[in-house]
Amino acid sequence: QLLKSNIFAIDLPNNAMIYVSDYDEIKKILINKDNIYGKGPTTIIPFQSIVPLHLISLPNNYQHQTMRTAVLNSISIKNLNDNIMPIVVKHARIFIKQIKNDSPQLLEIIISDIDKRCRAFALDVMSEALFGKTWNAQLDYTKENNINAYSLSEIMYILHYRILDPNDVGWKSNRYDKGDVIQILENKINKEIVQHKEIMNNNNNNNSNKKLFQDDILFHLLTYKNMDDGKALSTIEIQNCCMTLLTMGHENIATALSWTIVLLAENKDKQKVCKQETIENTNNSNNNIYKASYMMDENSFSKLTACFNEAIRMYPSVPAVTRQIISDQDTTICGYEMRKGDEIVLNIHGMHRLNDKMNIHGKKTDVNEFCPFLRFNDQNPVLDQVTLPFSFGKRSCIGRNLSYLEMKVLLSLLLKEFEYIESISPTVVQPVVLVSLRPSTHALKFVWKESKNHHDICTNNNKSRL
């Protein structure tokens, strides 16, 4: 039913839950020009149970705008260029090494946990960008040896089941012998804040210590001042910004990367085009392909970017977002009369599969088909205007630029290092909702080029324990 109509309503005793898939209506709601809509309780209750001031669940107020601006400033284009780019390249190379280390004597490696690997990669990038030190999730994600990475992975499960049922007592955050996983992460963040403040306040620290922290996101959050009133963020606000970045800041990027890899593995003809593009870029860039100035160019890796855009059209990391009517004025959506308190589910996934504008040059196409080079190109710019994988408006995804940076670096390196990637799953990989729209059971074969340095690359045989 959700994929057959632009609106689907469920009437409840006190209010209604309305699922909307119409692009124009969704965009109007996200813009929220007349401040009619606030965040829906289906989002607010579970997210605030994990992170009280999570940017996703905060109302449209001064505090939300201040915290959002502070985070955006900390991951500005300049900071991505100068500081975060080398971190992404480093952890992308570790990602590839971990795949090869799984079977160091073989040229074909079967991977059935690409989503977990992508989450570990994204977490390593985010933790080092945030604190100046990585959590090394790609090397070890276990409770015994990496409690921080493990606790974060468990929080994502807890969040998922609280979204399904906020009263589900079976998903408490303290059900593990290591203690409350939320408290574990809060303690870790508090420790980092104290350490950063000590270095910032100690004029006798050497230059290496200053350099260590002045480039990271936490330093930017600690030194942020509101341009209107000059106020800094409170310690609680900084803690919650860090938790926002650690949770959804790694989850959504990782899911988008996973789907792009899966779809390229299922469509080797598209993969071949992207691989050729990577080779040409490498040859034409004088070995500067992984310099920030080149990677941040909107025109670099246009074919790979088209595949990424098509992947997040078909499987947006956040398949739906919620809003609630907070205004007393009459509201109508797709002809359906709404009242205060009604919750609206903006069905992004359904909209991407339903909208007639997905057709290419006026011709009907199968919206379930992976067509990156037809849908996303200079001759078909309308697609950028009818897909909303990063949402839209004042509450759009703050990690969009970081997503594209991580995508270009990781996928271009994968295509460069491996001869090809092939899906050997018996069927097309299906999605499963677990906070984000993750790929379910899969099997991918990575075939890499035999070279004289095969042994050298794989001698450090650290098995990944994801």
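Every value quoted in this text rests on a predicted model; they were computed, and no experiment measured them.
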side-chain contact (heavy atoms from CB on, under 4.5 Å) between L152 and H250: does it pass, once the steps are laid out? CA-CA 10 Å; L152 186 61; H250 94 284; 3.7 Å; yes
Examine the side chains of T255 and S317 and answer whether a donor and an acceptor come within less than 3.5 Å of each other. no
Does R68 use its side chain to pair, donor to acceptor, with the backbone of Q63 at less than 3.5 Å? no
Short question: side chain of N267, backbone of L263 - any donor-acceptor pair under 3.5 Å? yes
In terms of the angle between their ring planes, are Y404 and F390 parallel, tilted or perpendicular, with boundaries placed at 30° and 60°? tilted
Under the 6.0 Å and 45° cation-pi test, does K303 pair with F373? yes
Taking every heavy atom of W259 against every heavy atom of A311, the minimum-distance pair comes out as C-CB, 4.3 Å
Cut-off 3.5 Å, side chains only: do E186 and N190 have a donor facing an acceptor? no
Distance-only, no hydrogens or angles: does the S127 side chain make a donor-acceptor pair with backbone N or O of W135 under 3.5 Å? yes
Can you check whether V318 reaches S436 side chain to side chain, under 4.5 Å on heavy atoms? no
Close side-chain approach of L346 and T322, heavy atoms under 4.5 Å: no
Quick one: do E128 and K90 make a salt bridge, cutoff under 4.0 Å? yes
Modelled atom types, side-chain donor and acceptor of D140 and N145, under 3.5 Å: yes
For the side chain of H54 and the backbone of F47, is there at least one donor-acceptor N/O pair under 3.5 Å apart? no
Aromatic F301 / basic K408 pairing, under 6.0 angstrom, 45° off normal: no
Might you work through the side-chain contact (heavy atoms from CB on, under 4.5 Å) test for M85 and V409, ending with a clear yes or no? CA-CA 9 Å; M85 177 70 184; V409 172; 3.8 Å; yes
Could you tell me the separation between the SG atom of C307 and the CD atom of E277, rounded to the nearest 0.5 Å? 8.5 Å
Before you tell me yes or no, could you show the steps for F446 and I110 under side-chain contact (heavy atoms from CB on, under 4.5 Å), namely the whole-Å CA-CA distance, both residues' side-chain angles and the distance that decides it to 0.1 Å? CA-CA 6 Å; F446 286 72; I110 308 300; over 6 Å; no
Can you name the closest pair of heavy atoms from L58 and K39 and give their distance? O-CG, 4.2 Å
Strictly by modelled atom types, are D216 and H196 linked by a side-chain donor-acceptor pair under 3.5 Å? yes
Find the distance between CG (L221) and CG (N240) and round it off to the nearest 0.5 Å. 11.5 Å
Pair Y141 and Y150, ring centroids less than 6.0 Å apart: no
Donor-acceptor contact below 3.5 Å, side chain H442 vs main chain S440: yes
Minimum side-chain heavy-atom gap K272-Y420 below 4.5 Å: no
Which atoms form the tightest heavy-atom contact between N347 and G350, and what is the distance? OD1-N, 3.0 Å
Distance in Å, Q98 CD paired with N101 CG, rounded so as to fall on 0.5 Å steps: 5.5 Å
Any donor-acceptor N/O pair, H352 side chain to R313 backbone, under 3.5 Å: yes
Non-hydrogen side-chain atoms of I421 and V447 separated by less than 4.5 Å: no
Grab the two heavy atoms, one from D215 and one from N79, that are nearest each other, plus how far apart they are. O-OD1, 3.6 Å
If you look at every heavy atom in S258 and P439, which pair is closest and at what distance? CB-CG, 3.8 Å
Is a side-chain N or O of K275 found less than 3.5 angstrom from the main chain of L415, in a donor-acceptor match? yes
Kindly determine whether R162 and S49 satisfy side chain to side chain donor-acceptor pair (under 3.5 Å), including the steps that lead there. CA-CA 8 Å; R162 288 186 180 178; S49 74; 3.0 Å; yes
Check the pair K100 / E417 against side-chain contact (heavy atoms from CB on, under 4.5 Å), numbers first and verdict last. CA-CA 10 Å; K100 294 177 178 178; E417 292 292 327; 3.1 Å; yes
Contact between L246 and F131 at the side-chain level, heavy atoms closer than 4.5 Å - yes or no? yes
Taking NZ, NE, NH1 and NH2 as the nitrogens, is one of them in K133 or D124 under 4.0 Å from a carboxylate oxygen of the other? no
Between E266 (side chain) and S423 (backbone), is there a donor-acceptor pair under 3.5 Å? no
Are K445 and E422 ion-paired here, with the side-chain N under 4.0 Å from a carboxylate O? yes
Does R438 use its side chain to pair, donor to acceptor, with the backbone of V432 at less than 3.5 Å? no
What do you reckon, are the aromatic ring centroids of Y315 and F370 less than 6.0 Å apart? no
Any side-chain heavy-atom pair from M126 and L402 closer than 4.5 angstrom? yes
Do I424 and L444 touch side chain to side chain, with heavy atoms closer than 4.5 Å? no
Do NZ/NE/NH1/NH2 and the carboxylate oxygens of K270 and E310 come within less than 4.0 Å? no
Rounded at 0.5 Å granularity, tell me how far CG in L414 sits from SG in C274. 12.0 Å
Under 3.5 Å donor-acceptor, N201 side chain and K197 backbone: yes
Side-chain heavy-atom pair V367, M314 within 4.5 angstrom cut-off: no
Does one side chain, of T247 or E251, offer a donor that lies under 3.5 Å from an acceptor on the other? no
